[in-house]
Amino acid sequence: MAHPRRRREAEVLAGLDAAGRLRVVLDPEPEGPPTALRTAAAAWAAVESGATHHLVLQDDVQLADGFFEHAVEAARVAPHDAVAFYTNWNSRNGAAVRAAALTGASWAEALDEYAPCVALMLPARVAAGYGGFAAGDGAGWPYDVLMFRHLRASGTRLRIAVPNTVEHSGLPSIAGNAAHGLRRSAVFADAAPGAGTADCAALTVVPFLKHGTAQCAVRTGSGSGLGSNSGSGANPGSGWEYLETERYLRRAGWSMRAVRADFEAAGAADALPPQAAWNTWLTAFALGTALRTHGGGDAPHGDAALRTLGPGGVCDDLSPEQIESAADALHALSRAGVEAGRSAGSRLRRTGVTATVTAAPVTAVTGAGGAFARGIGLLLGDLGHAVHFLPGPVTAADLRGCDRVAHLADGLAAGGAQPSGVDEVLRAAAEAGVRRLVYVGTAAACGGTAVPEGPLAEPGEGDPGREQWLAESAVARWAAQGRTATVLRTAEPVGPHAPAGTVTADWILRAWTRRDLPLESDRLHQLVDHRDLAAAVHAALTGPAGAPGAAPQVVHIVSAVHDEDTWAAQVAAVTRPTARTVRAQRGSGRVPALETGLAGALLGWKPTAPLADGLRAQAQWLAYDTECC
């Protein structure tokens, strides 16, 4: 698939197949907006009669020697799977390939992310179905996101060649991808290996470095480590939690003080930017800890995989020249970090972790049915709580043995099971003997234009804020019976599983789908990162308790405040940098502004989470991990 401006390059690429099976499909509307969608629809529709598989190559690639033989063998060993032969070095799937290469595997199972479409082969029936799916579900979504959704909808597993047998050629992007920085393969080999068996590396922890931040994909319900599984396995879109690597390492019991000491002993801080060096080390160390259970073996492409770890993770922020000058130092740091993780033993483990968690008071998380409440529960678990997550209706029996309850109001739900209302939870908590509760509501439910900290004045019947006032009044009556309660009112949550229908969620979806972002001239955005919200709930549950029976403390939780243009620019930067903004013809309504000041004084809380990271996680979640849009 090619743009007419690169027809010559595409014809040269097609001529590389001695069997003559490749032909060039050109953009049918070359003067239209830059996008791969038009050409992709034509390319995937061009399935030959009688073909079992259909391969589409983009025009700016370099093929490994023996590529076509490798592709045919891949179709033979995994006839029902989609097969990607290229992954970007800064992607989650690139990290899966990197980890698999270090185990000596021939295939990696894809994670929840866009489908790498630079060089992709599909079973013929799946290929033929792409056009209809894209026409019905397209609405401007990027080509690779649409393909990911198509594969998920059709139940088609995506596997990735290890090593990659296709590389980006370095030609400039016509489809507007230049903003993503230098695009290279996670692990490219000049000569294609044999396809081997259908087995994929079964990765339960995949550390990755993206946008300069060390993160981990952790398979839910599994421990850490690497192994292998048979050719039939989970489809895209299921079973992974994404979190910061430091949080993962702490959860797994590693001493971050000891990890930092090993990093400083590696002496990389003098040769590299400090943040790039530290996040590269964290990623490599976590990868090494996951490899500890693998048992070694032949990994002919392992060192090549480590060479791309650091450069891929900082390619959005550094120029090609800067990446080239730092490449050797990043490679050496990655090798040292993986070796440190592989060899780390009890000296890097925190002592007493199991006993501490076992002895922790039990905290029930209720309300806000769905994954947002579960995410808050996981964050509370990382802060030392033994969490009992109750997404559906709650009874006293469910709360037996729970010392504390955190109840999230309905306005924080992004979907899922119907939760219990606050009255039902309060009755169950009273019957179960719970003595401490935190109620988390939203500013959007309060009504008015400004909300002071402290109890709400009673609104009239049917007035805005009436439901919030009723809920908070019920919490106050519950506390008056000799118990302790806190009311947190949050600004607009930002992060994965954040509520739908917010301005931020709307802007993200508009940016993803090539629609304009409507701006209002005088609107301010008060925002709270999901990690900051969990920290505030933790502070309210564990800080000095007020006198039993006293009126609940009412505190507002805000991570940051941005004006309209600044926040819209940040949304576009992490979603689609080319997104346009326009002035709205009329206002879309205001979320009440929260007065702030008591969170630090009463709870000892202050915001610490990088809001840009939470915004990026929300944008990726809306693209890859949810069917809500």
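Just so you know, residue 1 is the first one in the sequence shown, and it goes up from there.
Looking at every heavy atom in both residues, A599 comes nearest to V555 through CA-CG1, 3.4 Å. Closest of all the heavy-atom pairs between D529 and P610 is OD2-O, 3.7 Å. Of all heavy-atom pairs between R489 and C446, the closest is CD-SG, 3.6 Å. Residues D144 and Y114 approach most closely at OD2-CD1, 3.5 Å, considering heavy atoms.
In this pair, W567 and H562 present their aromatic rings parallel. The plane angle is below 30°, not in the 30 to 60° band.
Contact annotation: the side chain of E246 approaches that of W278 to within less than 4.5 Å [non-hydrogen atoms, C-beta and beyond]. Between L243 and L379 the shortest side-chain heavy-atom distance does not fall below 4.5 Å. Proximity of P518 to W507: side-chain heavy atoms (C-beta onward) are separated by under 4.5 Å at one or more points. For the pair Q553/L603, a side-chain contact is recorded, criterion being any heavy-atom separation below 4.5 Å from C-beta on. Taking the side chain as every heavy atom from C-beta outward, R616 and K210 never approach each other to under 4.5 Å.
One side chain, R515 or T513, offers a donor N or O that lies under 3.5 Å from an acceptor on the other.
Taking the ring centre of Y242 as origin, the terminal cationic atom of R92 falls inside the region bounded by 6.0 Å and 45° from the ring axis.
Salt bridge status for D463 with R466: absent, with no side-chain N to carboxylate O gap under 4.0 Å.
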